[in-house]
Novice: 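Structure provided below as structure tokens; questions to follow.
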Amino acid sequence: MNDRPQEAAGVGRAGGGTRPVRAGADITASTAVQYALVAVPRLTLDAVARRSGLHPDLVRRFVALGLVDAERDAAGRMVFDLAAPAVLARIQRLRTGLCLNYASIGLVLDLLDRISLLEAALRGRGTRSETPPWT
């Protein structure tokens with residue numbers, strides 16, 4: 001498997017990819033690959049399940065439903081953001097507190113995120129809402 005973008009690997013260019021890239025040509029603007037300077041701390045599936053008190057299969061189901069974001073590491077294992085246990089706790093509160101199904105939980109999470117963005121925009125403009133924040 002090649003980690004380089006297609007243009008840098010010679011695939012997908014006009015002319016069938018047989019034309020070499022000339023020296024000094026500026027290809028960094030369209031094919032630059034960015035690497036993190038410091039490794040971002042991530043949580044494994046087991047760590048997230050243990051911290052949230054959920055079974056790992058349920059966490060996998062939440063990932064499949066799109067309720068929690070996960071990525072794959074180099075070994076193919078799921079890794080999560082440090083905020084994933086808090087997101088899972090929020091999902092569980094919505095599930096038990098409001099008796100929502102998982103499809104409606106996704107909608108409610110999207111709406112709550114949108115409300116948070118709008119409240120942050122109001123705070124940034126100096127306008128203050130009379131009601132307390134939703135979350």
Side-chain angles (χ1 to χ4, degrees):
M1 180 165 177
N2 195 351
D3 291 338
R4 293 185 301 167
Q6 288 182 350
E7 291 82 13
V11 178
R13 271 193 307 224
T18 58
R19 187 179 48 159
V21 177
R22 44 169 221 229
D26 186 21
I27 61 168
T28 58
S30 64
T31 61
V33 178
Q34 297 180 354
Y35 296 99
L37 296 177
V38 178
V40 178
R42 300 281 187 189
L43 296 173
T44 63
L45 176 63
D46 292 332
V48 169
R50 190 173 47 254
R51 288 184 184 189
S52 62
L54 299 175
H55 194 275
D57 289 339
L58 185 57
V59 176
R60 280 189 198 97
R61 181 174 296 160
F62 288 156
V63 171
L65 291 171
L67 298 176
V68 180
D69 293 329
E71 296 175 0
R72 298 278 178 177
D73 64 0
R77 295 177 303 232
M78 279 200 281
V79 291
F80 297 85
D81 255 350
L82 295 178
V87 172
L88 290 168
R90 192 177 200 190
I91 291 169
Q92 287 301 104
R93 282 194 311 270
L94 289 171
R95 175 85 172 147
T96 58
L98 298 177
C99 298
L100 297 174
N101 62 15
Y102 294 129
S104 59
I105 287 175
L107 177 65
V108 170
L109 288 175
D110 288 343
L111 290 173
L112 288 173
D113 289 341
R114 177 72 177 160
I115 288 169
S116 296
L117 288 173
L118 291 172
E119 286 177 344
L122 284 175
R123 279 192 298 273
R125 293 172 55 193
T127 308
R128 187 175 163 103
S129 175
E130 297 297 323
T131 59
W134 286 87
T135 56

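In this text the structure is predicted, and so the values were computed from the model without any measurement.
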Novice: Please tell me whether L112 and L118 are part of a single hydrophobic cluster in this structure, the criterion being side-chain heavy atoms less than 4.5 Å apart.
Specialist: no

Novice: Measure from the side-chain N and O atoms of R95 to the backbone N and O of L100, and report whether any donor-acceptor pair falls under 3.5 Å.
Specialist: yes

Novice: Go through the steps for D73 and R42 under the test side chain to side chain contact (heavy atoms under 4.5 Å, CB included), then give the verdict.
Specialist: CA-CA 10 Å; D73 64 0; R42 300 281 187 189; over 6 Å; no

Novice: Are V68 and I105 in one and the same hydrophobic cluster, where Ile, Leu, Val, Met, Phe, Trp and Tyr link if side-chain heavy atoms are under 4.5 Å apart?
Specialist: yes

Novice: Would you give the length of the straight line joining atom CZ of R51 to atom CG of D46, rounded to the nearest 0.5 angstrom?
Specialist: 12.0 Å

Novice: How long is the gap from CE on M78 to CG on D69, to the nearest 0.5 Å?
Specialist: 12.0 Å

Novice: Among the clusters formed by ILVMFWY side chains lying less than 4.5 Å apart, do L88 and L98 turn up in the same one?
Specialist: yes

Novice: Membership question, hydrophobic clusters at under 4.5 Å side-chain separation (ILVMFWY): are V63 and V108 in the same one?
Specialist: yes

Novice: Quick check for you: to the nearest 0.5 Å, what is the distance between L67 atom CG and D110 atom CG?
Specialist: 9.0 Å

Novice: Test side chain to side chain contact (heavy atoms under 4.5 Å, CB included) on F62 and V87; report intermediate values, then the result.
Specialist: CA-CA 10 Å; F62 288 156; V87 172; over 6 Å; no

Novice: Would you confirm whether D81, through its side chain, and A83, through its main-chain N or O, come within 3.5 Å as a donor-acceptor pair?
Specialist: no

Novice: What's the spacing between T44 OG1 and R77 CZ if we round to 0.5 Å?
Specialist: 8.0 Å

Novice: Which heavy atom of F80 sits nearest to which heavy atom of V59, and what is that distance?
Specialist: CZ-CG1, 3.8 Å

Novice: Any carboxylate oxygen within less than 4.0 angstrom of a Lys/Arg side-chain nitrogen, looking at R90 and D113?
Specialist: yes

Novice: Roughly how far, to the nearest 0.5 Å, is CG of L94 from SG of C99?
Specialist: 11.0 Å

Novice: Is L111 reachable from Y102 through a run of hydrophobic residues whose side-chain heavy atoms are each under 4.5 Å from the next?
Specialist: no

Novice: Looking only at heavy atoms, which two atoms of D57 and R60 are closest? And how far apart?
Specialist: OD1-NH1, 2.6 Å

